[in-house]
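Here's the structure, in structure tokens; my notes come after.
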Amino acid sequence: MNTVTSPTGRQTASSQIQSRVRDIQEATRGVTAQYPRSYILQCIQEDRFPEELWQALGTFGLLGLSVPEEHGGSGGGVLEITALNEALALAGIPTLFLVVTGLARVPIIRNGTREQIAKYVAPTCTGEKKMCFAITEPNAGTNSFAMTTLATPNAGGGWTLNGQKVFISGARDADTMMVVARTTKAAEVKHRTEGMSLFVLDMKTPGITLRQLNIQVETAERQYMVFFDNVQLPADAVIGEPGKGAKLMFEGLNSERLLAAGAALGLGDYALAKAVAYAKDRKPFGKPIGSYQALQHRMALAKAELEAARLMTYDAADRFDSGEDAGAHANMAKLLASRAAVAAVEAALQTHGGYGFDRDYDIVTLWPMIRLLEIAPINNEMLLNYVGEHVLGLPKSY
């Protein structure tokens with residue numbers, strides 16, 4: 001689809017993408033109307049997972065997007081699940097679980113056995129089970145190759161896992177977890193990408209300990225430090241060939257960038273819509289403050305940047321689904337979308353003035369989540385490093 005060069009071909013491809021996105025957004029509105037922003041805020045206040053929303057997404061077949069029908073999914077690709085993530089955020093109910101679930105399923109579908117897909121992926125399509133993802137470590141941060149979590153073969157033919165992970169979204173509410181671990185220590189490999197493996201483990205396995213982090217972001221999913229102490233895993237817990245997990249990991253991380261971009265786009269438009277509504281109504285000097293160019297131009301620029309980021313995001317998703325190397329486009333999409341979303345929420349704060357910091361207006365409550373997207377799931381500086389080195393051909397950044 002992306003190789004077409006004629007104007008007519010580009011227009012057709014763009015129309016098809018827009019149609020696919022609209023279909024998902026229309027289906028999602030049936031769920032978000034039943035579980036609006038007030039619902040997710042209540043879940044956050046009560047510190048509980050939005051189970052009713054999650055089950056409704058499963059019932060409507062939305063959780064199965066990006067999973068082939070032959071594996072129990074609803075079909076479509078990363079484009080569709082990105083559109084779902086955006087549609088949820090457009091209603092003010094973003095879910096980090098959808099990001100980590102969409103990410104973790106990619107390497108299993110592409111490299112797992114049919115038995116592994118049936119065991120780990122199919123139950124996530126209905127909402128029966130939830131999967132989280134663990135890669136970041138306290139002493140490695142964004143340098144995942146420096147991780148020390150280690151899985152070693154045991155006498156039973158399986159694996160013994162030791163180590164720790166940090167910033168793991170939704171670990172408490174997950175049934176399974178995809179863990180990126182070393183099966184050969186970093187000091188013992190010739191190239192840093194060697195000796196890494198992907199595992200899926202049952203969260204009820206003995207030896208797993210969770211410690212909740214005190215992170216103040218308005219999402220229903222909490223963040224955790226996760227400790228692995230001699231966790232015994234069966235032989236079929238490893239996805240693909242042991243020691244060759246780096247490539248599999250990056251396949252999933254490209255989809256993660258796009259899912260994060262979708263969330264940023266939706267939240268940015270949600271915040272901007274609140275700003276526009278307020279600017280039309282607020283008249284301290286007799287005219288709507290939306291007529292003040294200082295505010296109007298700020299909102300207009302935010303909208304233009306959101307739309308540009310949206311085009312990049314869905315073009316990248318289409319490339320990913322078409323089998324192209326979408327790494328550069330996915331990274332740029334996440335970069336642009338997160339920056340545009342921050343500009344939108346800051347425009348909303350400026351438009352509301354002091355009221356923007358009143359939690360009852362639900363503007364300042366949006367800011368931490370939107371601002372987080374410039375840092376996670378990977379910080380924008382690392383994305384710029386990637387563009388500089390792999391797109392522009394500049395020397396490796398330090």
Side-chain angles (χ1 to χ4, degrees), residues 28 31-54 56-57 84-101 130 132-133 166-174 210-225 256 259-275 277-278 302 306 334 337-380:
T28 307
V31 177
T32 58
Q34 187 176 1
Y35 300 102
R37 172 75 174 167
S38 56
Y39 163 80
I40 207 73
L41 289 175
Q42 183 179 355
C43 290
I44 294 169
Q45 183 178 6
E46 297 173 357
D47 189 19
R48 67 182 181 88
F49 183 78
E51 191 65 39
E52 299 88 352
L53 167 66
W54 197 255
L57 292 172
L84 169 60
N85 218 27
E86 182 188 0
L88 290 170
L90 279 168
I93 51 173
T95 168
L96 294 176
F97 240 122
L98 194 61
V99 176
V100 295
T101 297
K130 295 181 285 292
C132 64
F133 180 79
V166 70
F167 301 124
I168 310 307
S169 300
R172 176 193 65 183
D173 302 299
L210 306 182
R211 180 186 299 168
Q212 184 172 321
L213 302 173
N214 189 23
I215 293 178
Q216 301 300 309
V217 176
E218 301 285 339
T219 63
E221 300 92 346
R222 297 294 188 255
Q223 309 294 312
Y224 294 87
M225 181 87 78
E256 179 191 45
L259 286 161
L265 293 171
L267 284 172
D269 262 333
Y270 181 78
L272 191 58
K274 292 173 75 71
Y278 186 80
L306 283 167
K334 189 271 178 182
S338 60
R339 287 170 59 90
V342 168
V345 76
E346 289 186 348
L349 281 168
Q350 195 69 21
T351 300
H352 281 76
Y355 290 114
F357 294 87
D358 184 334
R359 291 180 64 86
D360 290 342
Y361 281 76
D362 196 24
I363 300 295
V364 72
T365 48
L366 294 169
W367 189 88
M369 175 62 178
I370 292 176
R371 182 62 180 81
L372 173 66
L373 290 171
E374 286 198 311
I375 299 172
I378 186 171
N379 63 69
N380 283 358

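Taking 4.5 Å as the limit, every side-chain heavy atom of Met369 sits out of range of all side-chain heavy atoms of Val345. Put simply, the side chain of Ile363 does not reach to within 4.5 Å of the side chain of Thr351, judged on heavy atoms. Between Leu57 and Leu98, the closest side-chain pair of non-hydrogen atoms is not below 4.5 Å. Using a 4.5 Å heavy-atom threshold, the side chains of Val364 and Asp358 count as separate. Between Leu53 and Thr95 there is no side-chain heavy-atom pair separated by less than 4.5 Å. Here the side chains of Glu218 and Trp367 are not in contact, with every heavy-atom distance at 4.5 Å or above.
Here the CG-CZ distance, from Asn380 to Arg339, works out to 7.0 Å after rounding to the nearest 0.5 Å. The distance from the CD1 atom of Ile215 to the CZ atom of Arg222 is 10.5 Å, given to the nearest 0.5 Å. Here the CG-CD1 distance, from Leu96 to Ile168, works out to 12.0 Å after rounding to the nearest 0.5 Å. Between the CD atom in Gln223 and the CZ atom in Arg172 there is a gap of 11.5 Å [rounded to 0.5 Å]. The CG atom of Asn85 sits 5.5 Å away from atom CG of Leu259, with the distance rounded to the nearest 0.5 Å. Between the CG atom in Leu349 and the NZ atom in Lys274 there is a gap of 11.0 Å [rounded to 0.5 Å].
With hydrogens and angles disregarded, no donor-acceptor distance shorter than 3.5 Å links the side chain of Asp269 to the backbone of Leu90.
Nearest approach of Ile93 to Tyr35, heavy atoms of both residues: CD1-O, 3.3 Å. When all heavy atoms are compared, the tightest approach of Phe97 to Glu221 is N-OE2, 3.1 Å. The two residues Ser169 and Cys132 have their closest heavy-atom pair at O-CB, 3.5 Å. Closest approach of Ala271 to Ile370, counting heavy atoms only: CB-CD1, 4.5 Å. Taking both residues in full, the closest heavy atoms of Ala264 and Ala341 are given as O-CB, 3.3 Å, listed atom of the first, atom of the second, then distance. Between Gly92 and Ile40, the shortest heavy-atom distance links the atoms O-CG2, 3.8 Å.
The environment of Gln45 atom CD is sparse: at most 12 non-hydrogen atoms of other residues, nucleotides or ligands sit within 6.0 angstrom. For CZ of Arg48, the number of neighbouring non-hydrogen atoms (other residues, nucleotides, ligands) closer than 6.0 Å is greater than 12.
Here Lys130 does not pair with Asp173 in a salt bridge; the nearest charged N to carboxylate O distance is not below 4.0 Å.
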